Amino acid sequence: MGSSFTLQNQILNNPQPITTIKAYLDGKVVAASSGPTMIAPVENAPTGTHIITLQAWDTAGTLYRVQYNLNINMAH
């Protein structure tokens, strides 16, 4: 059993329109959108420290990528 949370992100003022965003939790796709905004539930994320990666592509095919450490603590 894991934790659930809502992943929200938005890419603003990009030189070219964003066509795709994908979110990865420890390398596994957990959410995707077909535009510059993403609001998606992530279900059953395991307790512990993880890496969340956001990748976005624009109409020119340019890839943008950021990574964050994410610590998930399960309430007892």
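Only this structure's heavy atoms are used, side chains among them; waters, hydrogens and symmetry mates stay out. For reference, positions follow the sequence shown, starting with 1. The structure presented is a predicted model; accordingly, all values stated were derived computationally and were not measured.
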* **Shortest non-hydrogen separation from Ala60 to Gln16 and the atoms involved** => CB-CG, 4.2 Å

* **Hphob cluster co-occupancy, Tyr24 + Leu7, side-chain heavy atoms under 4.5 angstrom** => no

* Side chain proximity check, Leu70 to Thr49, heavy atoms < 4.5 angstrom -> no

* Asked: Going by heavy atoms in the side chains, are Thr53 and Arg65 under 4.5 Å from each other?
  -> yes

* Give a yes or no on whether the backbone of Ile18 and the side-chain of Asn14 come within a donor-acceptor separation of less than 3.5 Å. => no

* Asked: How far does CE of Met38 sit from CD1 of Ile11, to the nearest 0.5 angstrom?
  -> 8.5 Å

* To do: Spell out, yes or no, whether Tyr68 and Val42 are grouped together once hydrophobic residues are joined by side-chain heavy atoms under 4.5 Å, including indirect joins.
  => yes

* Asked: Can you check whether Trp57's main-chain N or O pairs, donor with acceptor, with Thr19's side chain at less than 3.5 Å?
  -> yes

* CG of Leu63 to OG1 of Thr20: how many Å apart, nearest 0.5 Å? -> 10.5 Å

* Does the side chain of Tyr64 come within less than 4.5 Å of Gln55's, by heavy atoms? -> no

* What distance separates Leu25 CG from Phe5 CZ, expressed to the nearest 0.5 Å? -> 6.0 Å

* In Å, rounded to the nearest 0.5 Å, how long is the span from CD of Gln10 to OG of Ser33? -> 10.5 Å

* Asked: At their closest point, which heavy atom of Asn71 faces which heavy atom of Gly48, and how far apart are they?
  -> OD1-O, 3.3 Å

* Asked: Taking the side chain as C-beta and beyond, is there a heavy-atom pair between Asn9 and Ile21 under 4.5 Å?
  -> yes

* Asked: Counting distance only, does the side-chain N/O of Asn69 pair as donor-acceptor with the main-chain N or O of Ile51 below 3.5 Å?
  -> no

